[in-house]
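Convention: sequence-line order gives letters A, B, ...; per-chain numbering from 1.
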Amino acid sequence: MCKTIPKDSFRHSDKAPYLYHMDILKELNNVQAQAVSSIDGPVMIIAGPGSGKTRVLTYRIAYLIQQGIDPFRILALTFTNKAAKEMRERIQTLLGGSEARNLYMGTFHSVFARILRMEAAKIGYPTNFAIYDTDDAKSLLKSIIKELGLNDKLYKPSNVSYRISSAKNSLISPQDYLADPDLMSEDEQAGRPYMGKLYEKYQQRLFLAGAMDFDDLLVKTYELLDNFPEVLYKYQNRFSHLMIDEFQDTNFAQYSIVKKLAAIHENICVVGDDAQSIYAFRGATISNILNFEKNYPDLKIFKLEQNYRSTPYIVHAANELISNNKGQIKKEIWTDKKEGEKIKVFRAGSENEEARMIAESIFEQKITYHIQNQDFAILYRTNSQSRAFEEQLRRLNLPYRIYGGLSFYQRKEIKDFVAYLRVLVNENDEEAMKRVLGLTKGVGQTTINKIIATASEKNVSLWEMIKKPELIQEITKGAYRLLFNFSMMVQSLQAQLHTKNAYEIAEMIGRQTGMLESLFLDKTSEGIGRYENVQELLSGIKSYTLEEKEEPEEDEVSPENDLAAYLQQISLLTDSDKEDENPNKVKLMTVHASKGLEFPSVFVVGLEENLFPSMLSLNTREELEEERRLFYVAITRAQDRLYLSYANTRVRFGSIQYNEASRFIEEVGLDNLNMPRNRVFSNTPPSQQRSGNTSYNGMQNNYYEKKKEPSPSTNSNSGGDQFNSMNLKNKKPIAQSIRNSSAVVPSDLKGLKVGNMVVHEKFGQGKVTLVEGGGDNVLATIFFEGVGAKKIMLRFAKLQIIS
DNA sequence: GTTTAGGCAATTTTT
DNA sequence: TTGCCTAAAC
């Protein structure tokens with residue numbers, strides 16, 4: 001309707017010459033082109049997996065610029081640095097010039113941190129405020145819990161932190177919290193009546209330390225815009241066009257900010273997919289999508305339903321799977337790609353066997369399909385699952401990279417080093433100060449506790465006390481001396497901030513504190529690693545310093561803020577943001593981390609009940625549905641080949657766990673699967689098939705009763721091997737056979753004796769020559785023709801007795 | 001104040 | 001199984 005050309009005020013005179021020679025819309029499909037060219041008024045784009053979402057976003061920005069919109073006035077928010085970076089690069093390629101550099105684009109957190117930095121004074125924070133990561137936040141909470149004399153078994157930092165975070169994500173201040181009867185009674189019933197008080201105290205301490213946690217970056221931005229109309233007005237006017245990526249993952253705070261910023265122009269475009277919402281546990285709420293329609297009645301909605309990424313089996317599987325979820329925005333994802341292969345299911349006896357099978361499969365695929373290491377991804381539910389795969393990949397000399405887990409900046413030596421930098425930049429930073437004090441020889445927990453106690457009592461920062469150690473209660477003579485020297489050192493280093501750049505300062509700290517030397521002298525393999533890590537950090541600082549000189553920020557950045565800017569940047573960086581010198585590696589990551597990525601060959605592993613779906617998600621329908629969406633994200637990463645695997649046993653928490661296959665496997669539709677060729681176990685009565693049956697009986701029934709829609713007819717007359725077509729004859733027994741398989745000796749093998757002839761899935765026919773062990777650990781030695789003798793655990797074996 | 005040993009609990013996903 | 005915390009010894 002309003003296909004008007006944007007108001008003149010948005011235009012700027014600089015042309016983007018390359019753009020004017022190409023018709024951006026020609027390279028897009030119909031819906032994409034409409035989404036890209038609807039630049040006036042609110043727009044919502046529902047983008048299925050592989051539907052060209054990033055393409056639409058980048059082309060839309062390019063289109064805006066082509067239409068004369070000043071890049072300075074375009075704000076684009078993403079969830080990850082990686083997404084922001086990728087978009088910027090792609091726009092740069094499109095525009096051929098440097099226009100993209102002027103875009104205001106980044107993650108919610110980094111963009112808001114930047115705004116807060118400029119406006120910090122208004123809300124009483126220092127420009128160089130610290131950003132606390134989750135460890136810092138928990139550590140601070142721990143101190144507070146201790147000071148208030150609360151039971152730390154009851155008030156666990158992680159719990160308290162989660163509760164506070166939830167409040168913040170909903171823009172509930174400590175005052176609101178304490179005044180909310182529902183919240184208060186919830187806490188009381190949970191036996192944690194002081195939760196609100198903790199929240200209040202926590203915020204006070206953060207303020208005193210000149211620090212914000214991740215959530216504060218959102219909350220404080222909101223407060224800033226809410227309390228200072230002139231600031232709000234400034235940014236509202238500045239940003240004429242807003243774009244929000246991964247809208248389904250925004251929380252209330254993020255949405256509220258965005259809505260405020262867009263209030264004048266209402267040129268806001270959100271892109272998302274409700275089926276890929278996987279961060280509800282972090283406060284993301286689907287109601288943002290629903291509210292969006294309500295808040296903007298003249299909203300234009302576009303649905304990108306054509307999948308350009310995956311083959312039909314994968315697309316059908318994804319559709320089938322997600323139809324098990326209740327409420328969702330209606331859409332039908334389709335593809336016109338050629339047929340491809342069915343999804344192959346691996347069944348393993350243990351996590352090591354699972355890893356071995358997959359490593360070997362990668363090895364074989366590389367040869368069969370002439371593809372590279374980087375074309376493979378192994379996706380798992382939890383980081384701890386990576387270990388077995390590392391071993392097996394190493395065994396086959398397959399290079400790999402693990403994403404996530406302990407990040408570079410979370411390593412002790414890095415945190416230690418960075419803590420010194422933090423203290424220089426913001427001497428009130430309590431967590432950094434605690435860390436640095438702890439590193440100082442002669443100062444221990446007792447002294448630190450005394451400092452904290454006195455500071456807390458006087459309601460000042462630790463630094464105020466360290467500067468005047470004579471005021472610290474019960475301070476010992478030795479500690480007094482040490483603290484005095486310490487404060488001198490900090491002040492002299494601080495004085496040099498004005499004359500030296502970040503790298504020079506960092507180097508000086510490394511030398512003066514003796515950190516570099518002591519790490520250098522440690523010649524254990526870990527010690528060498530630590531030394532190298534610190535060196536890497538230093539060179540990171542060096543290249544940052546150089547970069548800064550090349551392209552000065554448009555905002556005020558004085559030399560002494562150089563270091564501060566660096567610190568703020570790294571506090572919002574994750575491991576996946578780091579480039580790899582050799583990208584040709586098999587990639588291992590959690591499903592969460594894989595969002596937005598795609599790979600020719602994908603393994604989704606550990607598909608067992610209680611692991612994926614996670615044990616902790618089985619309590620409510622909502623959580624289970626989120627797990628299902630998570631699995632949806634996982635399988636839709638695959639372009640050509642998708643593999644699902646599960647292990648019957650897994651060592652968890654030091655003991656062996658027996659697992660059933662995940663319900664998700666069969667939820668993708670058996671027609672799309674290529675099942676393992678295992679015998680059909682059918683001796684366990686249904687009531688014993690699941691452990692913990694009672695707790696989610698209702699859900700299970702619900703699940704079984706749900707009538708599946710007739711699956712979109714796949715041309716299943718081809719491709720299915722005999723086992724598969726056999727499977728299709730009756731669904732239920734196969735379903736049960738997956739579930740049933742567990743690491744007990746199947747009863748039809750109980751009577752196995754020396755002399756029996758058996759058939760093994762892999763080794764073929766063989767003769768039993770020895771049976772040893774008892775119970776579930778029966779071990780049979782079997783001589784296979786052409787293979788030789790093998791020792792086989794009956795509980796894992798895929799054996800069939802033939803005589 | 002620092003180090004070591006031993007007991008104990010807890011294990012999801014992340015900007 | 002690991003890693004965290006506490007208690008005791010150095």
Side-chain angles (χ1 to χ4, degrees), chain A residues 77-84 106-113 131-135 137-139 142 146 152-153 156-159 161-162 165 168-169 212-218 245-246 249-251 253-254 277-284 351 379-388 403-407 409-410 412 437-450 476 478-479 482 568-577 589-595 606 610-619 623 626-627 629-631 633-634 650-657:
Chain A
L77 297 172
T78 65
F79 260 81
T80 61
N81 294 301
K82 212 194 307 173
T107 64
F108 281 92
H109 289 85
S110 68
V111 166
F112 293 163
I131 298 175
Y132 277 9
D133 66 13
T134 21
D135 291 337
K138 280 184 199 157
S139 160
K142 211 174 143 188
K146 203 170 160 196
D152 60 358
K153 293 273 173 336
K156 278 184 237 150
S158 53
N159 283 341
S161 159
Y162 182 76
S165 176
K168 288 185 176 180
N169 287 331
M212 297 190 196
D213 64 16
F214 286 146
D215 301 315
D216 279 340
L217 295 176
L218 310 177
D245 191 16
E246 308 282 14
D249 289 332
T250 51
N251 59 37
Q254 286 162 326
S277 157
I278 54 173
Y279 285 108
F281 74 95
R282 217 170 75 188
E351 74 249 61
L379 309 181
Y380 35 74
R381 181 65 181 79
T382 66
N383 279 308
S384 60
Q385 285 167 258
S386 66
R387 195 158 288 178
Y403 291 79
L406 189 67
S407 97
Y409 297 103
Q410 282 177 305
K412 186 184 176 296
L437 284 173
L439 292 171
T440 309
K441 282 269 166 320
V443 180
Q445 202 55 56
T446 325
T447 309
I448 295 177
N449 286 343
K450 281 178 194 162
T476 61
L482 284 163
Q568 293 207 344
Q569 187 197 277
I570 63 166
S571 61
L572 296 172
L573 239 41
T574 62
D575 240 19
S576 9
D577 299 324
M589 64 185 88
T590 63
V591 180
H592 280 90
S594 76
K595 200 177 61 165
N610 295 328
L611 180 59
F612 198 175
S614 156
M615 186 161 45
L616 298 151
S617 71
L618 296 174
N619 297 319
E623 285 175 315
E626 175 144 322
E627 291 285 307
R629 291 193 296 269
L630 189 58
F631 185 55
V633 168
R650 189 176 288 279
V651 179
R652 297 245 281 168
F653 324 140
S655 58
I656 293 179
Q657 251 192 12

Look at all strands and tell whether A:Leu616 reaches a base, only sugar-phosphate, or nothing, counting heavy atoms closer than 4.0 Å.
-> base
At under 4.0 Å between heavy atoms, what does A:Phe214 touch on the DNA or RNA strands: base, sugar-phosphate, or nothing?
-> base
Taking atom types as they are modelled, is there a donor-acceptor pair under 3.5 Å from the base of C:dT1 to the side chain of A:Arg652?
-> no
Exactly one of A:Glu626, A:Glu627, A:Glu623 clears side-chain contact (heavy atoms from CB on, under 4.5 Å) with A:Pro613, and that residue is A:Glu627
Compare the minimum distances between each of C:dT2, B:dT15, C:dT6 and the side chain of A:Asp152, then state the nucleotide with the smallest one.
-> C:dT6
Select from A:Ala479 and A:Phe79 the residue whose nearest nucleotide in DNA chain B is closer to the 5' end of that strand.
-> A:Ala479
When you get a sec, tell me which of C:dT2, B:dT12, B:dT13 is the closest nucleotide to the side chain of A:Ser614?
-> B:dT12
If you look at every strand shown and take non-hydrogen atoms under 4.0 Å, does A:Val591 touch a base, only sugar-phosphate, or nothing?
-> nothing
Within the structure shown, what part of the strands sits under 4.0 Å from A:Lys156 by heavy-atom distance: base, sugar-phosphate, or nothing?
-> sugar-phosphate
Under 4.0 Å: is that the gap between some side-chain N or O of A:Thr382 and OP1 or OP2 of B:dT13?
-> no
Which part of the nucleic acid does A:Phe108 contact within heavy-atom distance under 4.0 Å: base, sugar-phosphate only, or nothing?
-> nothing
Can you check whether A:Asn383 has a side-chain N or O nearer than 4.0 Å to OP1 or OP2 of B:dT11?
-> no
Given B:dT12, B:dT14, B:dT15, the nucleotide with the shortest approach to the side chain of A:Thr134 = B:dT15
What nucleic acid atoms does A:Thr446 come within less than 4.0 Å of, heavy atoms only: base, sugar-phosphate, or nothing?
-> sugar-phosphate
Taking OP1 and OP2 of B:dT14, is either one under 4.0 Å from a side-chain nitrogen or oxygen of A:Thr590?
-> yes
Candidates C:dC5, B:dT12, B:dT15 - which lies nearest the side chain of A:Glu627 = B:dT12
Using a heavy-atom cut-off of under 4.0 Å over every strand shown, decide if A:Thr574 touches base, sugar-phosphate, or nothing.
-> sugar-phosphate
If you look at every strand shown and take non-hydrogen atoms under 4.0 Å, does A:Gly478 touch a base, only sugar-phosphate, or nothing?
-> nothing
Atom CG in A:Asp215, atom CD in A:Gln254: separation rounded to 0.5 Å?
-> 9.0 Å
Compare side-chain N and O positions of A:Lys153 against OP1 and OP2 of B:dA10 and report whether any pair is under 4.0 Å apart.
-> no
Using heavy atoms to find the nearest nucleotide of DNA chain B for A:Tyr162 and A:Gly442 separately, return the residue whose nucleotide is more 5′.
-> A:Gly442
